[in-house]
Amino acid sequence: RSDLLYTLMDTYIKNDMLSVQESIVNHVEYTIARSRYHFDDFEAYQAAAYSTRDRLIESWNDTQQYFHDQDPKRVYYLSMEFLTG
């Protein structure tokens with residue numbers, strides 16, 4: 001059962017032009033809840049942003065998983081100017 005889950009999660013959203021356009025139209029209709037034939041520029045912008053976010057989240061999650069698996073040392077920086085008060 002977990003093998004099926006990992007197989008499904010291992011596929012990425014396609015980045016070709018037609019797939020991106022379909023994703024934008026789907027976000028207009030299903031995320032923003034507008035007709036795919038009647039939407040304004042701001043709603044088109046939002047749908048494009050959601051479509052871009054979907055693709056970025058895949059890379060972000062892979063990066064987070066990689067660093068979680070590698071368990072590298074981390075350096076934290078705190079500027080003293082924020083400690084006054």
Side-chain angles (χ1 to χ4, degrees):
R1 193 169 197 178
S2 64
D3 292 335
L4 175 62
L5 180 62
Y6 285 120
T7 303
L8 292 172
M9 290 171 41
D10 198 30
T11 59
Y12 291 98
I13 300 173
K14 294 180 182 176
N15 286 325
D16 60 296
M17 188 182 303
L18 182 62
S19 297
V20 172
Q21 289 171 346
E22 288 174 351
S23 176
I24 291 170
V25 170
N26 284 335
H27 277 296
V28 165
E29 189 165 11
Y30 298 111
T31 306
I32 304 173
R34 298 286 184 250
S35 168
R36 60 177 59 190
Y37 302 109
H38 295 76
F39 56 93
D40 60 18
D41 290 341
F42 181 69
E43 291 160 348
Y45 171 79
Q46 283 183 314
Y50 282 127
S51 179
T52 303
R53 183 204 59 183
D54 291 346
R55 285 155 176 77
L56 289 174
I57 285 174
E58 290 178 335
S59 296
W60 173 261
N61 287 336
D62 287 345
T63 301
Q64 295 302 313
Q65 186 62 46
Y66 172 78
F67 283 111
H68 181 266
D69 293 343
Q70 297 296 316
D71 196 26
K73 292 182 179 179
R74 296 177 186 229
V75 175
Y76 295 95
Y77 171 77
L78 180 64
S79 177
M80 292 297 287
E81 64 191 55
F82 294 109
L83 295 178
T84 60

Item checked: Any residue meeting side chain to side chain contact (heavy atoms under 4.5 Å, CB included) with Asp16, in chain and number order, not counting sequence neighbours -> Lys14, Leu18, Ser19

Note to self: Ignoring hydrogens and geometry beyond distance, is a side-chain donor-acceptor pair present between Ser59 and Arg55 at under 3.5 Å?
What the structure shows: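 Note: Ser59 and Arg55 side chains miss the donor-acceptor criterion.
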
Note to self: If you count heavy atoms of other groups shown closer than 6.0 angstrom to CG of Asp40, is the number above 12?
What the structure shows: yes

Beyond-backbone contact of [X] with [Y], side-chain heavy atoms, under 4.5 angstrom:
| X | Y | answer |
| --- | --- | --- |
| Ser23 | Ile13 | no |
| Glu43 | Val28 | no |
| Arg74 | Tyr76 | yes |

Check: What ring pair (Phe, Tyr, Trp, His ring centres under 6.0 Å) pairs are there with at least one residue in residues 18-62, not counting sequence neighbours?
Finding: His27-Tyr50

Which residues pass the side chain to side chain donor-acceptor pair (under 3.5 Å) test with [X], not counting sequence neighbours?
| X | value |
| --- | --- |
| Asp71 | none |
| Asp62 | Tyr12 |
| Asp69 | Gln65 |

Item checked: Straight-line distance of Arg53 CZ to Glu58 CD, nearest 0.5 Å ->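 If we round to the nearest 0.5 Å, Arg53:CZ and Glu58:CD are 11.5 Å apart.
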
Item checked: Pairing residues for Glu29 by the salt bridge (charged side-chain N to carboxylate O under 4.0 Å, His left out) criterion, not counting sequence neighbours -> Arg36

Note to self: To check you understand the geometry: which heavy-atom pair defines the closest contact between Ser51 and Ile24, and what is its length?
What the structure shows: CB-CG1, 3.8 Å

